[in-house]
Amino acid sequence: MTVTIKTPEQQEKMRVAGRLAADVLDMIGDYVKPGATTDELDRICHKFIVEEQAAIPAPLNYRGFPKSICTSVNNVVCHGIPGEKTLKSGDAVNIDITVIKDGFHGDTSRMFLVGKENILAKRLSTIAREAMWLGIEELAPGKHLGDVGAAIQQHVESHRYSVVREYCGHGIGEVFHEDPQVLHYGRRGTGMELREGMTLTVEPMVNAGKAGVRLLPDGWTVVTKDRSLSAQWEHTCLITADGFEVLTLGAHERP
Ligand code: MF3
Ligand code: CO
Ligand code: CO
């Protein structure tokens, strides 16, 4: 396991990349409406990242991924490929943005609820978001990765939802997915100890039904085995001397 500690200069580049990724999510919200296709959202984000931000959409061609963003609708857990699919009222879509700026990655995702309110999707999305924040709030030097996983798992399961096991958060920096793996379940006091200067993502995937997932034949799209709804939120975080700094806050959440 090779965990990188970022220097203050590298941390500053991570802040810039994180801010840009969050700016893309802020921008795309207005376009997530009934009738929009996931391909349209991909094209808008791609153009914004390349032309306005002079940055690189990290997913494009990453291990053969064909698009610039991931769009995961309803029972799609993660890594949904943008395409002809038209969004309809009541859908819940996760949009996952990763940009590279000056050699460093910023990775963040949010849920968007399409059209009129879908109570079940809203409830699941809220619990997934709360779980992500409870995990993030565990981050500090001396704490263990198991503390993060335990906080997330406890919240999700107390609401009788389930945590996906096959995909996890990750270290991030000059490399998109680096060590350590950040599991979204676990036991307190176990796993790697955190240190100042680490940067990692917290990105729990929460299913309304059972935890099991299935990979579609396209080799990317991950769906729930029982076809239940799934929700995910993601932030990129820096471990600071006294806790954490979230690098991918939206413009309206920044201090
Ligand atoms: N952004 C995803 C993550 O949170 C990874 C997407 S990989 C892709 O780690 F190839 F599907 F884009
Ligand atoms: Co990630
Ligand atoms: Co992501």
Side-chain angles (χ1 to χ4, degrees), residues 3-4 14 17-26 28 38-39 41-43 45-46 49-50 55-73 76-83 85 93-101 104-112 125 128-129 131-133 135-136 139 145 148-149 152 163-184 198-206 213-223 230-239 244 246-250:
V3 177
T4 59
M14 287 296 293
R19 197 179 308 129
L20 291 178
D23 287 345
V24 179
L25 288 176
D26 286 349
I28 199 63
T38 51
D39 244 343
L41 302 178
D42 176 71
R43 293 329 295 165
C45 290
H46 178 94
I49 293 166
V50 171
I56 300 166
L60 188 59
N61 301 320
Y62 176 78
R63 300 188 179 183
F65 191 79
K67 300 283 174 164
S68 296
I69 68 173
C70 296
T71 51
S72 302
V73 184
V76 177
V77 174
C78 62
H79 303 166
I81 304 173
K85 187 177 179 66
V93 56
N94 172 281
I95 300 183
D96 193 337
I97 302 291
T98 311
V99 305
I100 309 171
K101 183 73 173 181
F104 286 80
H105 290 73
D107 187 7
T108 182
S109 80
R110 298 179 198 157
M111 295 300 297
F112 295 86
S125 169
R129 185 166 192 268
M132 173 194 68
W133 276 111
I136 289 170
L139 300 172
L145 281 175
V148 175
I152 291 168
V163 174
V164 170
R165 309 299 158 119
E166 287 84 350
Y167 301 87
C168 57
H170 50 91
I172 181 168
E174 291 181 276
V175 174
F176 193 166
H177 296 105
E178 57 181 46
D179 287 334
Q181 291 196 51
V182 181
L183 303 185
H184 302 116
M198 290 179 178
T199 46
L200 46 81
T201 72
V202 177
E203 50 178 303
M205 283 139 276
V206 177
V213 301
R214 191 165 71 80
L215 182 64
L216 294 190
D218 64 24
W220 281 104
T221 311
V222 179
V223 298
S230 188
Q232 177 179 32
W233 291 77
E234 174 177 26
H235 273 310
T236 297
C237 305
L238 166 69
I239 311 299
F244 63 88
V246 178
L247 305 181
T248 45
L249 292 175

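Hydrogens, waters and symmetry mates play no part in the numbers below; they use all other heavy atoms, side chains included. Atoms within a ligand are numbered from 1 in the order they appear, just like the ligands themselves. These numbers were taken from a predicted model, which means no experiment stands behind them.
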Quiz item: How about His184 and Glu203: does a side-chain donor come under 3.5 Å of a side-chain acceptor?
Solution: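 Short answer, no.
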Quiz item: Any side-chain donor-acceptor pair under 3.5 Å between Glu178 and Thr4?
Solution: yes
Exercise. Taking the side chain as every heavy atom from C-beta outward, state whether Thr71 and Phe112 have any pair of such atoms under 4.5 Å apart.
Key: no
Quiz prompt | Pocket residues of ligand 1, ordered first by chain and then by residue number (heavy-atom cut-off under 4.0 Å) | solution = Pro59, Tyr62, Phe65, Cys70, His79, Asp96, Thr98, Asp107, His170, Phe176, His177, Glu203, Trp220, Glu234
Between [X] (side chain) and [Y] (backbone), is there a donor-acceptor pair under 3.5 Å?
X	Y	answer
Thr38	Gly83	yes
Asn94	Gln232	yes
Thr201	His170	yes
His79	Thr221	no

Quiz item: Does the ring centre of Tyr62 sit less than 6.0 Å away from the ring centre of His177?
Solution: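 Aromatic pair counts; centres sit under 6.0 Å.
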Quiz item: Relative to the Co ion (ligand 2), how many protein N, O or S atoms have a separation of less than 2.8 Å?
Solution: 4
Quiz item: Would you call Arg19 and Asp26 a salt bridge, using N to O less than 4.0 angstrom?
Solution: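 So Arg19 does not pair with Asp26 through a salt bridge.
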